[in-house]
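Read the structure below first, then the notes.
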Amino acid sequence: MIKDFRYLRPQDLQEALGMLREHAGEAKVICGGQSLLILMRQGLVAPEYLIDIKHLEELSYIRLDEDGLRIGATTTHRALEKSKELAERYPIIPEMEETLASIQTRNWGTIGGNLSHADPAGDPAPVLIALGAKVKLAKADGTREMALEDFFLDYFETALEEDELLVEISVPPVPARTGVAFEKFTIIGCDMGIVSATARVTLDEGGRAAEARVVLGGAAPTPLRAKGAEEVLVGEDLREELLEEAGRKASEECEPISDIHASEGYRRELVRVLTKRMLRKAWQRAAQG
Amino acid sequence: MKRLISLTVNGENHEVVVEPRTTLLEVLRDALGLTGAKEGCSLGNCGACTVLLDGKPVLSCLLLAVEAQGKEIVTIEGLAEGGKLHPLQEAFVEHGAVQCGFCIPGMILSAKALLDENPHPTEEEVKEAISGNLCRCTGYSNAVRAILAAKVKEEGER
């Protein structure tokens, strides 16, 4: 049974930030709770106060313009999955959301909740990092912005201070000749990934890789950029040996653990194979678009 | 500290006094006596606790009752009208889609949400819609047939 707590239901963002400040250190924010309530039921998290922001409509939005994309923290996974505008301009986001847990969880779980939970096996973070996303963090007296890549510090640990809230994710426009691909390895479809790989390739006019990103999920204490693998690709043409080399680098530089789902060695092998496959797919997508 | 919340369940308004830690599932089963929604894994994997919240399937075991304040909930008990089964329920009976029955309330509600949104689903869409409802009897084939047939039936009756 969940240990009891005081439930706070702010009327707007400002009130929520005030509550966070007042109860800093004793409060957890709930924004869908599809992961948090499991931890609370298991007794791993037992806050004095629970501040519910899920119902804050002012943070539920998907906005697209010439500066890119902005997503409010209380936007549900299902809304991202079903957005026609996203399917057109950032198709990798709905593609990733489609296999994030069950429909039931996607209907109630939110992007802000998912990122703040900071499970290294989460699906959205690697994809958003590959897209160069930033997060906006708010306190009662101001906001700051940081690269999503820097937001994750350790297992279930983020840069959020005790009185700070993730309010928005922003994604820059996707450059021309860019392809992105994401895949996670699961035993049952839509399950938590044992390992995931996201690849993003931007080609120059001659068809060589001008920029490459490889981001791994479930392969380290945080979502991990496989920079060694990225370096292998830059300035090169698409060749099978190159993909092999990038996959091998990624499997060497990741830091997976062994647990009941998979051994460290198995995870490294998955990283090698998925990195190779996703790079090929991203490269082909970049060449087409 | 207990809170007073109001919920609409199967069209009826309810005011319930709950501890914040109470899940929506516990309120439905223990306070309102609606035992159709089941507690399975309590981890968000099995879907046995699925109910519709503002028309969308959600997991009532991973939702605090206080979060559902002011929302409209539909459980399996709310589908039949005046003693007459909903076309989905009839189709499940006709196609022998019910074995032990534990997953069926959730599965039917997931199917209802699908048909409400997409009246002419393909077999693939049906499978996707119920993919969050695990059946340990593995009786998926007849459930899929029943859902595909339910729509035809519903239209035939209009």
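In this text, all values refer to a predicted model and were calculated from it rather than measured experimentally. Every chain is numbered from 1 and lettered A, B, ... according to where its sequence line falls, protein lines coming before strand lines. As a basis for the values below, the full set of heavy atoms in this structure was taken, side chains included, without hydrogen atoms, waters or symmetry mates.
Evaluated for a side chain to side chain contact (heavy atoms under 4.5 Å, CB included) with B:Tyr140, the options B:Lys127, B:Arg145, B:Met107 yield exactly one hit, B:Met107. Of the candidates A:Glu161, A:Glu162, A:Glu164, A:Lys139 forms a salt bridge (charged side-chain N to carboxylate O under 4.0 Å, His left out) with just one, namely A:Glu161.
With a threshold of 4.5 angstrom between heavy atoms, B:Lys2 does not approach chain A through any atom at all. When heavy atoms are compared at a cutoff of 4.5 Å, A:Ile188 does not approach chain B at all. Only the side chain of A:Asp52 comes within contact range of chain B, with at least one heavy atom under 4.5 Å from a heavy atom of that chain. For B:Ser42, the parts lying near chain A are the backbone and the side chain together; criterion is any non-hydrogen pair under 4.5 Å. With a 4.5 angstrom heavy-atom cutoff, A:Leu50 touches chain B only via side-chain atoms. Only the side chain of A:Met1 comes within less than 4.5 Å of a heavy atom in chain B; its backbone stays farther off. In this structure, chain A has a heavy atom under 4.5 Å from the side chain of B:Leu53, while its backbone stays farther away.
Contacts with chain A were tallied for B:Leu59, B:Val58, B:Asn45, B:Val66; B:Val66 has the most, counting heavy-atom pairs under 4.5 Å. Comparing A:Ile30, A:Leu36, A:Ile38 by heavy-atom pairs within less than 4.5 Å of chain B, the highest count is held by A:Ile38. Residue with the most contacts toward chain A among B:Leu63, B:Thr50, B:Thr23, B:Asn133: B:Leu63 (heavy-atom pairs, distance under 4.5 Å). Most heavy-atom pairs under 4.5 Å with chain A: of the set B:Glu26, B:Glu19, B:Met1, this distinction falls to B:Glu19. The greatest number of non-hydrogen atom pairs below 4.5 Å with chain A, out of B:Cys61, B:Gly106, B:Ser131, B:Ala113, is found for B:Cys61.
In B:Arg3, the CZ atom is crowded: over 12 heavy atoms of neighbouring residues, nucleotides or ligands sit closer than 6.0 Å. Heavy atoms from other residues, nucleotides or ligands lying under 6.0 Å from CD of A:Glu85 number 12 at most.
Put simply, the side chain of A:His77 does not reach to within 4.5 Å of the side chain of A:Thr110, judged on heavy atoms. A:Lys28 is not listed as a side-chain neighbour of A:Met40, based on a closest heavy-atom distance of 4.5 Å or more.
Counting only N and O atoms by type, the side chains of A:Asp154 and A:Thr222 include no donor and acceptor under 3.5 Å apart.
Atom CG of residue B:Asn10 and atom CG of residue B:Leu34 lie 6.0 Å apart, to the nearest 0.5 angstrom.
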